[in-house]
S.K.: 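Below you'll find the structure I mean.
Residue numbering restarts at 1 for every chain, and letters A, B, ... go by the order of the sequence lines.
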Amino acid sequence: MDAAQHPSLKGAVLPRPSAMQRVFGSTLMSVLIYAAVMGLIVYGSYVGAQNMGYNWQWSRVPQFLYSFTDDGFQLGEMIIGLGLTLKLSATAFALATALGLLVALLRLSGLVIGSAVAIGFLEFVRNIPLLVLLYLFYYVLGPIFGLDRYTASVLTLAVFHSALISEILRAGINAVAIGQWEAAKSIGMSTGQTYRYIILPQSIRFMLPPMTGEVVHLVKSSAIVSVIAVAELTTIGRNIISDTFMSFEIWFTVALIYMAVTLILSVGVSFVERRYAVGQ
Amino acid sequence: MNDQKPMIEVRNLDKFYGSFHALKGINLTVHQGEKMVVCGPSGSGKSTLIRCFNGLEFHNSGTLIVDGVEVHENAKEIRAIRQEVGMVFQQFNLFPHLTVLENLMIGPMKVRRLSRADADDTARKYLDRVHIPEQADKYPSQLSGGQQQRVAIARSLCMESRIMLFDEPTSALDPEMINEVLDVMVELVDTGMTMVVVTHEMGFARKVADTMVFMEMGEIVEISPPEQFFTNPSSERCRLFLNQILEH
């Protein structure tokens, strides 16, 4: 290679981005586009409701969030519903992670029976709709094992998400270099010790982003248990609407509450991620 | 050297990867305190052979006895064998989420069941031995390649194994770091450790080896003491290989 033929780019000034790129790449422009899109959506629904002759009654919404009575500050129905949504989601997520880890380890065990069971479970759960799974737990398994609504809901969500979580865990475990296994084995560690001290701590870094997505997904899919009338946020919202006929206000509020919860989760986890990144 | 007790005995060992015959009828004995250097072109089965010695690979037929215990796929004693056989890898394979000191302590604590204080003492002793006591609280990624490999050697030493295997320990290093690792290995030789080293560092081999082994195409072509190996090898293929790598 004759270097002299190619003029060195080292130290050369980078070409200035085109005017178009500069305008559309700027933060201000992004914010403006975002605001415009959001404004359009809100305006659209407002106009739509206007045309229906909808009577907006936002002032009646806060009483469902909180109220001040003679006994002092009271939480409203929707916040109590949110509490149950969070409890339901947290319990289901804990169960789903435990079950998911079991399925992932079975699949990775190298045992023929183990991976067959894991794949069978995975394909079964992944390929039926969440709603059908819920009916299965509540109307079929419920009476047999005496499951109440809440337990059936927790189990449905846990089983459904364990299948997805097991794939995340498996990918995270596989992402750890094979040399780590060999090094752990060569100092005499058992498979269990290798997972616990070497592999899992390293795979958390790979698992955190997709797991966050999974938690958010779970919180949102917990809304489906409203079909068997578990008194969580969506059910409460529906009940309030049937009492007050304020469909737009209540559904918007419900949506905002879900959004607030999932956004807080995402932001929280991104802090944790940063800490893990520094730890490496 | 042959009056010492055999530490590794290999008889008619065969290893296949699918239809690829990786090791063909290997016969070899490593005695206690012996330093054996294995060389040969890449793909000749050197690494596969020493990875069989601590059960990272399993042979398909023949016998392999390490420290008096027969090694095979279903051996219950496989973990006990691995504790007696340390291994240093080409790519170091340090645990990146643990500090240097924790890398050295985790084996003694979790496998040997030493107390934290004892494991700490052992770790610092061997970190001194590889001349980097000041790096104890850093993470592996903060060290140079040569330092990382020395930590890896110390990690194996912490298990107080009786045999040490080295799988091309200097091949992934920048040239200026090779000597710091080889120096540590030479010092280890003086402690009387049984060592099997896969390497192309012929200067090191000439200095420390009791036995030289040349492998090609999954076979042992030549086993001889270094004086004979470097001056008058009995096989033509070995002569050619040596000419190629000693030219420079």
S.K.: Please step through side chain to side chain donor-acceptor pair (under 3.5 Å) for the pair Glu102(B) and Tyr197(A), ending with a clear verdict.
M.R.: CA-CA 11 Å; Glu102(B) 288 167 339; Tyr197(A) 300 115; over 6 Å; no
S.K.: Does the pair Glu187(B)/Arg129(B) count as a salt bridge with the N-to-O cut at 4.0 Å?
M.R.: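 Result for this pair is no, no salt bridge flagged.
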S.K.: Determine, step by step, whether Glu34(B) and Thr211(B) satisfy the side chain to side chain donor-acceptor pair (under 3.5 Å) criterion, reporting the C-alpha distance in whole Å, the side-chain angles of both residues, the deciding distance to 0.1 Å, and the verdict.
M.R.: CA-CA 8 Å; Glu34(B) 187 173 351; Thr211(B) 314; 2.4 Å; yes
S.K.: Is a side-chain N or O of His161(A) found less than 3.5 angstrom from the main chain of Ala163(A), in a donor-acceptor match?
M.R.: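 It does not hold such a pair.
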S.K.: May I ask you to list the residues in residues 43-54 of chain B that approach chain A closer than 4.5 angstrom, counting heavy atoms only, ordered by number?
M.R.: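 Near chain A, by residue number: Arg51(B), Asn54(B).
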S.K.: Considering only heavy atoms, which portion of Val85(B) lies under 4.5 Å from any heavy atom of chain A: side chain, backbone, both, or neither?
M.R.: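 Answer is backbone: N, CA, C or O of Val85(B) sit under 4.5 Å from chain A.
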S.K.: Would you confirm whether Gln193(A), through its side chain, and Lys110(B), through its main-chain N or O, come within 3.5 Å as a donor-acceptor pair?
M.R.: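 Yes, the answer is positive, given that a donor and an acceptor are paired below the 3.5 Å cut-off.
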S.K.: Between Asn93(B) and Ala183(A) (side chain of the first, backbone of the second, donor and acceptor by atom type, cut-off under 3.5 Å), is there such a pair?
M.R.: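 A pair under 3.5 Å: no.
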S.K.: Let me know if Glu182(A) has heavy atoms under 4.5 Å from chain B in its side chain, its backbone, both or neither.
M.R.: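 Contact with chain B: backbone and side chain both.
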S.K.: With a 4.5 angstrom heavy-atom cut-off, which part of Phe95(B) approaches chain A: side chain, backbone, both or neither?
M.R.: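 Both backbone and side chain.
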S.K.: Between Gln202(A) and Pro96(B), is there a donor-acceptor pair closer than 3.5 Å when you use the side chain of the first and the backbone of the second?
M.R.: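 Looks like no, no N/O pair under 3.5 Å.
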S.K.: Please look at Leu94(B) and chain A and tell me whether the side chain, the backbone, both or neither of the residue comes under 4.5 angstrom of a heavy atom of that chain.
M.R.: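 Interface part for Leu94(B): backbone (N, CA, C, O).
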S.K.: Using 4.0 Å as the upper bound for N to carboxylate O, is an ion pair formed by Asp120(B) and Arg124(B)?
M.R.: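 Answer for the salt bridge query: yes.
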